[in-house]
Amino acid sequence: MTTSPGHIRLANSTAMIAPLGHYSHVAVHNGVAHVSGQLPLHADGTPAAKEPFDTQVRMVLHNLDNCLAAAGTDRDHLISVTVYVTDIAQWPEFDAIYAEWLGSYRPARAVAGVSSLHYGAAVEVQAIAAADTGGRE
């Protein structure tokens, strides 16, 4: 984790390939972790766009877990989640996998149907989480 002016800590997950663009996996400021959009990429950076939708969703959520861990937090501290899908008809399938992943916890969430995502992915997830609490409030 690196620190920039203004006490913003930047972190990359060691469980994944370093970002391929000019960004960090996570930026933490004032106890809030901002997680960059996560795509269905294997740990070595290989896109999984040809995998079935459910596999892509599980991979994205796994990558999100890795990013949250790099920031010293976890899914139980999510504040807000933004989901981008290229086929809004797959939303119920995403929602079922997401509900299984989160259990009874229900952070704020938005979904946006988009025409395309990088590498031809079907789903991308961006998130904001508390990074300074010991548990759910």
Taking the inter-plane angle between the rings of W91 and F94 on a 0 to 90° scale, is it parallel (under 30°), tilted (30 to 60°) or perpendicular (over 60°)?
->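 W91 and F94: parallel rings.
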Measure the [atom1]-[atom2] distance between [X] and [Y] for me, rounded to the nearest 0.5 Å.
X: H34; Y: S80; atom1: NE2; atom2: OG; result: 10.0 Å
X: E93; Y: D87; atom1: CD; atom2: CG; result: 10.0 Å
X: I128; Y: T73; atom1: CD1; atom2: OG1; result: 12.5 Å
X: R75; Y: W101; atom1: CZ; atom2: CH2; result: 5.5 Å
X: S13; Y: N63; atom1: OG; atom2: CG; result: 8.0 Å
X: Y98; Y: L61; atom1: OH; atom2: CG; result: 8.5 Å

Which atom of [X] lies closest to which atom of [Y], heavy atoms considered:
X: A121; Y: T86; result: O-CG2, 3.5 Å
X: A11; Y: A70; result: CB-O, 3.7 Å
X: I79; Y: A129; result: CD1-C, 3.8 Å
X: G120; Y: A49; result: O-CB, 3.4 Å

Do [X] and [Y] share a hydrophobic cluster, counting only Ile, Leu, Val, Met, Phe, Trp and Tyr and linking them when any side-chain heavy atoms are less than 4.5 Å apart?
X: V111; Y: L102; answer: yes
X: M16; Y: L10; answer: no
X: I88; Y: V81; answer: yes
X: V28; Y: L78; answer: yes
X: F53; Y: M59; answer: no

Please list, chain by chain and in numerical order, all residues satisfying side-chain contact (heavy atoms from CB on, under 4.5 Å) with [X], sequence neighbours excluded.
X: Y119; result: L20, L39, L41, P47
X: A69; result: none
X: N30; result: none

Is there a donor-acceptor pair under 3.5 Å between the side chain of [X] and the backbone N or O of [Y]?
X: S24; Y: V26; value: no
X: Q38; Y: S36; value: yes
X: R9; Y: A27; value: no
X: N12; Y: H25; value: yes

Can you sort out the partners of D95 under salt bridge (Lys or Arg N to Asp or Glu O under 4.0 Å), two or more places apart, ordered by chain and number?
->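 Scan of D95 (salt bridge (Lys or Arg N to Asp or Glu O under 4.0 Å), adjacent residues dropped) gives R109.
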Looking at residues at least two apart in the chain, or sitting in another chain, which of them share a salt bridge (Lys or Arg N to Asp or Glu O under 4.0 Å) with D74?
->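 Checked D74 against salt bridge (Lys or Arg N to Asp or Glu O under 4.0 Å); zero matches.
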Among V123, V114, V125, which residue meets the side-chain contact (heavy atoms from CB on, under 4.5 Å) test with V85?
->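 For V85, the side-chain contact (heavy atoms from CB on, under 4.5 Å) check succeeds only for V123.
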Please, which pairs that meet side chain to side chain donor-acceptor pair (under 3.5 Å) have at least one residue in residues 48-60, sequence neighbours excluded?
->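 Counting only pairs at least two positions apart or across chains, the side chain to side chain donor-acceptor pair (under 3.5 Å) contacts touching residues 48-60 are R58-E100.
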